[in-house]
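Comments concern the structure below.
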Amino acid sequence: MIVVDDIHKHFGGFHAVDGASLSIEAGSITGLIGPNGAGKTTLFNVIAGVLPPTSGRVTMDGEDITGLPPHTLFHKGLLRTFQIAHEFSSMSCRENLMMVPGSQSGETLWNTWFGRRRIADEERALAAKADEVLEFLTIEHLADHKAGQVSGGQKKLLELGRTMMVDAKIVFLDEVGAGVNRTLLNTIGDAILRLNAERNYTFVVIEHDMDFIGKICDPVICMAEGKVLAQGTLDEIKANEQVIEAYLGTGLKNKDKVGA
Amino acid sequence: MDLLNAFITLANFVLIPAIAYGSQLALGALGVTLIYGILRFSNFAHGDTMAFGTMATILITWAFQSIGISAGPLPTALLALPFGIGVCALLTLATDRGVYRFYRTQKAKPIIFVMVSLGVMFIMNGLVRFVIGPDDQRFSDGERFIISVREFKALTGLDEGLAIKTTQGITVITAIIVVALLFYFLNRTRTGKSMRAYSDNEDLALLSGINPERVVMVTWLIVAALATVAGVLYGLDKSFKPFVYFQLLLPIFASAIVGGLGNPLGAIAGGFTIAFSEVMITYAWKKVAGYALPDSLAPDGLAQLLSTDYKFAVSFVILLIVLLFRPTGLFAGKAV
Amino acid sequence: EDVKIGVILGFTGPIESLTPSMADGAELAMQEVTDSGLLLDGATVSSVRADSTCVDAGAATAAAERLVTSDQVDAIMGADCSGVTGAILNNVAVANGVVMISPSATSPGLSHNDNEDNGLFFRTAPSDARQGVVMTEVLMEEGINEVAVTYTNNDYGKGLADSFQAAFEAAGGTVTINAAHEDGKADYSAEVGALAAAGGDRLVVAGYVDQGGSGIVRAAIDSGAFDTFHFPDGMIGAKLQENFGDEIEGSTGQHPGTDSEGAAMFAEMVGDTFDATSPFTPESYDAAALIMLAMEAAGSKDSNDFKDHVMDVANAPGEQIFPGELAKALQILKDGGDVDYVGATAVELIGGGESAGNYRQIVIEGGEITTAQYR
Amino acid sequence: MSNPYQDDRGNTDRTITRAGGGALTASPGTKGTMKPAEAFLIGDTMTGGYGAGPDILHDCTVAVERGEIAVIVGPNGAGKSTAMKAVFGMLDVRQGSVRLGGEDITDLSPQDRVAKGMGFVPQTSNIFTSMTVEENLEMGAFIRRDDFSGTMAQVYNLFPILKEKRNQAAGELSGGQRQQVAVGRALMTQPKVLMLDEPTAGVSPIVMDELFDRIIEVARTGIPILMVEQNARQALEIADKGYVLVQGRNAFSGTGKELLADPEVRKSFLGG
Amino acid sequence: MVYFGCIAALLIGTGLMTSWNLAITIMNFGLISAIMALGVNLQWGFAGLFNVGIMGFVALGGLATVLVAMPPVGEAWAAGGLRVILALILGAATIVGAILAYGALPKGRVRTLGMIVILCTGFFIYRAVFDGGVQAVEAVNPANAGYLGGLGLPVLIAWPVGGLLAAGAAWIIGKTALGLRSDYLAIATLGIAEIIIAIMKNEDWLARGVKNVVGLPRPAPYEIDLQNSTTFVERVTSFGFDPVTASTLWVKTIYAGLFTVVLLILFILAQRALHSPWGRMMRAIRDNEVAAEAMGKDVTARHLQIFVLGSAICGIAGAMMTTLDGQLTPGTYQPLRFTFLVWVMVIVGGSGNNLGAVLGGFLIWWLWVMVEPIGLWVMQVVTSGMADGFWLREHLLDSAAHMRLLTMGVVLLLVLRFSPRGLIPEK
Ligand SMILES: Nc1ncnc2c1ncn2[C@@H]1O[C@H](COP(=O)(O)OP(=O)(O)OP(=O)(O)O)[C@@H](O)[C@H]1O
Ligand SMILES: Nc1ncnc2c1ncn2[C@@H]1O[C@H](COP(=O)(O)OP(=O)(O)OP(=O)(O)O)[C@@H](O)[C@H]1O
Ligand SMILES: CC(C)C[C@H](N)C(=O)O
Ligand SMILES: [Mg+2]
Ligand SMILES: [Mg+2]
C-alpha cells in the first residue's frame, strides 16, 4: 500500500533518515521500533508530508505522494498522530474531535450564512459520533473540558480519537502508548485490531512497549541510525543480535539492588 | 584619482552615514530584541523609553554644563550618560513592578503584553513631553568632527570631501562594544544563560532554581542601559525630539525583525540592512558615475533607481524579500 | 457678554512644537481685546483650545464638533494643517455656519473658486502658489539659476515645491532635483545623498524648521553637500538661528511679512513670553484679531453676520492697524470708522479670503536672520 | 527549534504557576498502611485542584523515605501529575501539608523548594528547547556553586547519545532523547530528593532499563525518588513502595511486590 | 449587554453634557471603528493572524471613494491618461512575465539572469512610458486637479469597491507573506501598508497624492442645502428646532443609519461564521496549525481567505470613513491612529469575540476623542488649588494637551488590568 523507496532526510549534516526503504501491506498492522533517535518520527513526518525528503520517493497505492501537503494526504485517507500531543488546547475535547472530518458543509463560509439548517443536522450527527469516540476512550466525562487542561495521557487518547472520526485507509500512530495507562493501552490495542478487521484500516505503529507491539503488530520493522535494521515477526526481531544490542538491551543490571 | 573621488563621494554620502545610522538602529533594536527574547513581547514603549533615558541624560548634561563640567573634545553628555541610565532604569523597573508583573503572574498572552506596552508608551510619551516639552533640544558640545570636509580636502587635495563626525565615531564604537558585551553576557555568563533559560521555558527555569524576578530585573536594567545609550547617541548625532523617538520605533522594529527577533547578532545585522537599504537604493549615482566612468558614459540624469519619496517603501521591500527567503529573519529569530 | 473663540491646532502630533506659540499668539490678541473692553460693548473674549492633531481628520472633526456644538464657540481660529483644515471646514464649519480663519493652512487647494464654503473661510497665510513666484524672483536676483529642492511631503511642501519649480523653470532656471522628505523621520542621509549628487548652487528647503527641514540642513552641512540654502516660510524662525547660526552664512529666504514693521512690533509686544518669530505665530495673532474686529464691525458675534466684514476690516480703506493697536481699531469701528488691519504679517486679503502675500526677504548674516528687503 | 513539528515550545503547561502553596487547615491524620509521618518527603492528605476549579486530589498521600523509590501508578487523569505538582508547590493545596525532612514546606514557593534540594522533572515541556543539550544540563546545575563537571560526565556516561549531541539545540532531539535530557537535567541538581513524572515515556527499552538502573543507583546513595510511571510493571518491580491513585484518592498502597502481586491491581492498572 | 448599555450611556451622556452633534459624530466614527475592529478581530481573534497593516487597507478604501465618486478629469485623460494606463499594464506584464519565466526556466544561473533581464528591461520600458504620461497628467491644473479623477459614480458604490480593492491587495500580500509567523507577519504587513501609503502619497496622478482630494460627493444632503430649503426649515421649526442644529443632526443621522446597516450586516455574517464548523476550524487552526493541517485542513487557503475577508472589511470601513470626512488625505494614515488604535479596540473589547470587538470599537473611540477634554479637566482640577501664575500650574496647563495620550494610556492599562482578556472575553 505504502512503499517507501530509499528516503533520505538530512538536517544540516546530520542524516536523520539515511536511505530507508520499506513497504507496508494493505490491511497489515506494521510495528516500527528502534532506538531513540533512529529516525522513526522523522520518517513519519516525511511520509505524512510534514517534512520534504532530501531524496527518495513515497508512493501510496502506486501513486507518488512524495511532498504532498498533509491536508491533501488526509483527504487521500492517510492520517497520523503526533508523538508530542498536538491538541487544540482552547477547544473542548468534543470539538477537538468534531473538527476532524473533512468536507463538512459548514466549513464553507457561504453555508454558514445561508445553509444553516443543513449544518445543524450535520453537527448533530458529528456530535453524536464524537461522544461515541470519547466514550470508547473512557474520557466521555471530559467532553466539555478544554483539551489544554486534561492530563498528559488523556491528550494522547484524544490524539488517537481523532483518527477514529473518519474513515481512514492508513493510520500512522506515533507512540500512542507513551504515557497511557497499560490497561487502557490494551483496550486501544483491541480497538486497533477491530478497526483493522472490521474497517480494514492499515496501521503503522511506533511504540517502545514490546508487549503492545507483540500483541497487535504482525510485521515489525526495526530502524536504527536512519536505516532499516531488521524486519520480520516480533519473535524474529527479538532474536536479532543487532536489535538486542541497539534497542532491546538485556534487562536491568541493578536488579539485585532492588529492595524487598 | 577620479576613482578615488568616486569612492570618497560614495563613502561620504552613503557608507559613513549608513554605518552610523545602522549602528543607531542596531542599538535600539538590541533593546527590542532583548525584551522579545526574554520577556517575549514586542515592546512598543521602547522608543519612548529611549526618549525618557535621553531626556534624563539631557537634563543632567545641562546641569553639568551649567557648573562647568565637560569632557574635553567629547560631548559632556557622555559623562551624564551613566546617571541617565540610572534614572531610566528606575523608570523601567517601576513600570515592571507597577504594570508588567501583574500580567506575568497571570501568564497573559504576548499580545496582551504588546497592548500593555502600548499603554505604557502613551504614558511615557506624555511624561517626556510633560517634563521637557515637545520641542527639539540640542545638547551636543565638544568637538563636532573627527574630520570635516574642509579638513579632508585640504589634507588630501581631492575634489571631494569626507566628513566623519565625533558622534558617528562614538556610535559605531559603542555599538561594537555593546554587542560584544551582550553576546558574551548571554552566552557565557551564568546570569546570561539563566536569562535565556527563562526565555525558553519560564516554568522549567523556576524548577531549576532560577529566580524569575531577578531575570526580569536584570533584563530591564540592560534594556534601560541600551535604550539610554541608543537614545543619547542618536540625540547627539541628530537632535532630541520626543516625536522623532516615537517614529524611530518603526525602523528599530524593522531592524530587530529582519535580523531575527530575540537574536542580538540579528539586531545588528538588521540595523545595517535597514540603514543601507534606505540610503543606497534611492541614492543618485550621477556624481559617483561621473567620476568612475569615462566621460562618454557619464549619465545625464540622476541615475537614481527610485526617488527618495520611496525611501521607506524600498527599505520595506527589502525587508519583505529577506523575510520571504528567511521567514524568521537573517539570524533565525524566535516567534512567540 | 462673552465671546468664545475656538483655537484648534495640532497640540499633539507632528507639528506639536509649533502650535503652543501659535495658540499663545491668538490668545494674546484675545487678551488685548478683552483688556480694552471695547468689543461689543465690553465683551470678554475667551479661548477654547482643541487638538487638531494635524493629521487625523477624524479626531480633528470630532474636536471641532465639540468646540462648535458643545462649547458653542462663535468662531474658529484654525486649523493648522491644510488636511484637517479642509475636513473641519467641510464637515463642521460650513455645516454649522461658523467662521474659520486659519493662520497656517497654505495649500493652494484651499483657495476656492466658487462659493462652496459659504464665505466662511479665510486665511492669514498666503497660498503657496504665490510664494513660489516670490522665491523665484529672490533667487534669480541673487544670480542663482540652478538649485536643488527638497520639500516636506505634505500638501504644503508639495504645493510650494511644485509652484516654485514651475515658476523657476519658466524664468529660465534649472531645478536639478525635486525630492520629498518625510517629517519626523530618524535619518535624512538618503535624501541628502540624492540632493548632493544632483547638485546645484543652493538647496531650497521647503520644510519646517523644527521638523525634517532642520534634519536635512544638518545632514547637508555636516556632509559638506551644500553650504548655502534658501528657506521659505516654514523654515524661518528662531530655531534656525539657534540650530545653525553662522554655519549657514549667506543663505537666503523669504516669508510672509512687510516693512510695515508689524512683525517687529509684534515681537516686541510679545517679549519673551513666547516665541513671536516661530512660524505662523504672527499669523495666528492676526487671525484672532481679524475675527474680533469683524465682529465689532458687524456689531454681532454671529458668524453669519460678521463673515462679510472680515474682508472689510482686513483691507484698505481705513486706518492702518498694527499689533497692539486692537483697542484703537475697535474704537474706530465703534465710531463707525474704517480700519485696514495690517497686523503682524501685513494682512491683505484677496480673492476668496486669503492673504495676498507680502514677503520679507531675509539673509543670514553673522549668524543672524537679517532683512534684505521686502517685496 | 527549526523543526516546528517537534517543538512544544516550553511554557505551554499553564498550570505551573507560582501559586506557592495555599491556605492550610489542619492535617487530619493519615491513612494507609505505612507511617508516612516519619517519611523524608511527604505530601500528607493533600486536597486541592487547579486555580478555582474543582478538587482533583482528595486526601491524597504520597511519601518517600531516604534511599527509597516510591512509584505512583494509576489510570490516565487520576491525578498523578497533579499530586506531584502539589508536592512541588505548583498548585494550591487546600488541605493537608507537605513536609520535607520533618519541616513543613507547604507555604514555600517552587523556587524555595528547589533551594531546599528538591528536583523535579515534569511530564511535559521539561527541557529548554532553544538551548543546547549541554546548556540544559548546566541549567540543571544552576543552583550549584561548586564544580559540576563531574556530575556532567556522569550524566553523559549514563546517556552517551547526549554527549554526542551536546552542542545541538535540545528542541531538535527525538522524543526519547529529550526525555533523557530532562532526566539528566534533574540529576545535575544533585538533589536531596528527586521527583520524576513519567521519565520513561517514549524511551526505548534499552534506555529504559538503563534509566531504571541509574534510578536504583541514585536511590541507593540515599536520595529518595518519587516517580510517576505508566510502565507500571517495570516500575513496580524496582519500587520499594507503590501508590495507586484513582480519581485523586489513594486506592492501594504497598510495597512494589505487594502491588504487583495484587490481582486487582494487575487487572486494572498493569494490563493483566 | 451591560457594556453596551454603558456605551449608550456614555454617548447619551456626551449628548446631554456637551451636544448631540458631538455625540452623533462620535457615534459615527465609533460605528466605523467597530467595523474595523470587526475586521481585525476576524483576522486575529479567529485565525491568529497578526496584521499590523490595517492602515494600508483603510487607505485603499479611501482611495476607492476618489476613484469611484469623483468626476473624471477630462483634460488629464486627454493629456496622458491612456499612456499611464498603458504603462501600468506593461508593468504588470513584466511581473507576470518574470513569474512565468521563473516557472519555465531551469533552476540555476540562467534563471537568475533571465529574471534580472526581464525585470530590468521591463522596469525601464515602464518608466519610459509612465513618466511622460504622469508628467502630462500632473501638469493639468496642478492646484485643483492634476490627476485623472474618478468615475463619477454615486459614492455609496465606493464602499463595496473599497472592500474589493483592499481584498485584492490582501490577496497579493497573503499569497506572499502569510507563511510568516506572528511578529514577522506583523512587520511584513506594516511594511506593505507603508508602501501602499507611500504610493498614495507620491503618485499624484492617481489621487493627487499629498495634495489631497477634497469635496468628495456625499450620500447625504449638504447641511447648507437643508438650511436653504424652505420645506426643511418649516418642518423643523414646527417641531421647535433650530434649523442649523436640525440640519447638522439630520445629516449625521443619515450617516449613522447607513453605517449601522453596514455594521449590522457584517456583524451578523461574522457572528454566523464564528458559531459554525467554519469558526471551529479557524479556532483549531489558530490553536495548532500543524495538527489542523494533519487533520486535513488547508491552513494556507484558510489563512488567505480570512486575511482577504478581514482586510476587505477594513477597506469598506476606510471607504466609509473617507466618505464621512468628505476628503482623502493620505498623510493621515498613520500607524498609531489606524493600526494600533484598532488593535487596542480589539484587545480591550475581547479578541475572538465579535461583540467584544464592536464594544471595543465604540469605547476606545469615545475615549480617544473624549480624553482630551477629560485630560484638560483633570489638569484644571489638579491645578485649581495652585496660585494663578504659579509656574507649576502654568506648566501643567500648558501640557494639558499631552495629557490626551497619557490619559489614553492610563485608561488602557486600567481596562487591561481589570479584565486582561478584554471586556467581553472569548468564552
Ligand atoms: N529539526 C531537526 N534538526 C536537527 N536534527 C533533528 C531534527 N529533528 C530530528 N533530528 C534528529 O534526527 C534524529 C531522529 O529523530 P526522530 O525524532 O526521527 O527519532 P525517533 O526515531 O522518532 O526517536 P524516538 O523514539 O526517541 O521518538 C534524532 O537524532 C534527532 O536528534
Ligand atoms: N491545567 C489543568 N486545569 C484544570 N484541570 C486539569 C489541568 N490539568 C489536568 N487537569 C485535570 O486533572 C485531572 C488529573 O490530571 P493529571 O494530569 O494529574 O493526571 P495524571 O494522573 O497525571 O494522568 P496521565 O497519566 O494521563 O498523565 C484530569 O482529570 C485533568 O482533566
Ligand atoms: C502649520 C503648517 C504645518 C501648515 C502647513 N502650511 C499646511 O498647510 O499644512
Ligand atoms: Mg519519535
Ligand atoms: Mg500525568
Side-chain angles (χ1 to χ4, degrees), chain B residues 36 41-42 44-45 98-99 102-103 106 108-116 118-131 133-134 242 246 249-250 253-254 256-258 260-261 305 307 309-320 323-324 326-329 333-336, chain E residues 44 48 50 52 123 173 176-177 179-188 190-199 201-203 209-210 334-336 340-341 343-344 346-348 351 371 375 395-396 398-399 401-417 420-422:
Chain B
Y36 190 93
F41 68 96
S42 300
F44 277 85
V99 183
F102 169 76
Y103 301 94
Q106 291 257 315
K109 294 209 186 93
I111 187 73
I112 303 290
F113 276 96
V114 172
M115 292 298 136
V116 168
L118 211 55
V120 172
M121 176 190 92
F122 282 133
I123 292 178
M124 286 191 181
N125 217 305
L127 208 62
V128 169
R129 282 151 215 240
F130 198 76
V131 177
F246 165 68
L249 199 60
L250 197 60
F253 259 95
I257 288 179
V258 208
L261 273 170
L305 274 178
S307 75
D309 312 0
Y310 284 110
K311 163 175 112 164
F312 262 87
V314 166
S315 62
F316 274 118
V317 169
I318 294 203
L319 185 148
L320 280 176
L323 285 187
L324 286 183
R326 305 200 60 123
T328 51
K334 299 187 182 188
V336 172
Chain E
W44 170 254
F50 199 175
V52 184
F123 181 75
I173 297 168
T176 42
L180 300 174
R181 292 171 58 165
S182 63
D183 301 66
Y184 300 89
L185 177 63
I187 199 81
L190 182 63
I192 292 166
E194 289 278 356
I195 293 171
I196 292 175
I197 287 161
I199 292 174
K201 271 181 154 174
N202 296 310
E203 299 304 316
V210 291
Q334 304 249 330
L336 181 66
F340 299 126
L341 199 62
W343 268 96
V344 172
V346 173
I347 300 298
V348 164
S351 72
V371 285
H395 185 71
L396 286 176
D398 278 350
S399 324
H402 302 300
M403 290 304 106
R404 170 183 179 157
L405 294 182
L406 211 147
T407 316
M408 190 70 205
V410 171
V411 172
L412 181 59
L413 289 187
L414 284 180
V415 173
L416 286 178
R417 173 74 199 229
R421 294 179 59 220

pair [X]-[Y]: side-chain heavy atoms closer than 4.5 Å:
{"X": "E:L336", "Y": "B:M121", "value": "yes"}
{"X": "E:T407", "Y": "B:F122", "value": "no"}
{"X": "E:W44", "Y": "B:I111", "value": "yes"}
{"X": "E:L416", "Y": "B:Y103", "value": "yes"}

Name the member of [options] that forms the most heavy-atom pairs with chain B at distances under 4.5 Å.
{"options": "E:I197, E:I199, E:V411", "result": "E:I199"}
{"options": "E:R421, E:E203, E:K201", "result": "E:E203"}
{"options": "E:L412, E:L190, E:N202", "result": "E:N202"}

- request: Give a yes or no answer on whether the side chain of E:Y184 reaches the backbone of B:R326 with a donor-acceptor pair at less than 3.5 Å.
  value: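 Flag not set: sc E:Y184 to bb B:R326 has no pair under 3.5 Å.
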
Which bit of [X] is near chain E, if near means a heavy-atom gap under 4.5 Å: side chain, backbone, both or neither?
{"X": "B:L319", "answer": "side chain"}
{"X": "B:V128", "answer": "neither"}
{"X": "B:F130", "answer": "both"}
{"X": "B:V116", "answer": "both"}
{"X": "B:V314", "answer": "neither"}

Counting heavy-atom pairs under 4.5 Å to chain E, which of [options] comes out on top?
{"options": "B:L323, B:I112, B:N125", "result": "B:L323"}
{"options": "B:G119, B:S42, B:G126, B:A254", "result": "B:G119"}
{"options": "B:L250, B:V258, B:L127", "result": "B:L250"}
{"options": "B:F253, B:F44, B:F102", "result": "B:F102"}

query: Of all heavy-atom pairs between E:R417 and B:G98, which one has the smallest distance, and what is that distance?
result: NH1-O, 4.0 Å

- prompt: When rounded to the nearest 0.5 angstrom, what distance separates CD1 in E:I187 from CZ in B:F316?
  reply: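 Rounded to the nearest 0.5 Å, the CD1-CZ separation comes to 5.5 Å.
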
- prompt: Between atom CG of E:D183 and atom OH of B:Y36, what is the distance when rounded to the nearest 0.5 Å?
  reply: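 If I round to the nearest 0.5 Å, the distance is 3.5 Å.
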
message: Determine whether E:T176 and B:L320 satisfy the following criterion, side-chain contact (heavy atoms from CB on, under 4.5 Å), listing intermediate values before the conclusion.
response: CA-CA 9 Å; E:T176 42; B:L320 280 176; over 6 Å; no

message: Can you tell me which residue among E:V415, E:I347, E:V348, E:L413 is in a side-chain contact (heavy atoms from CB on, under 4.5 Å) with B:M115?
response: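 Only one of E:V415, E:I347, E:V348, E:L413 forms a side-chain contact (heavy atoms from CB on, under 4.5 Å) with B:M115, namely E:I347.
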
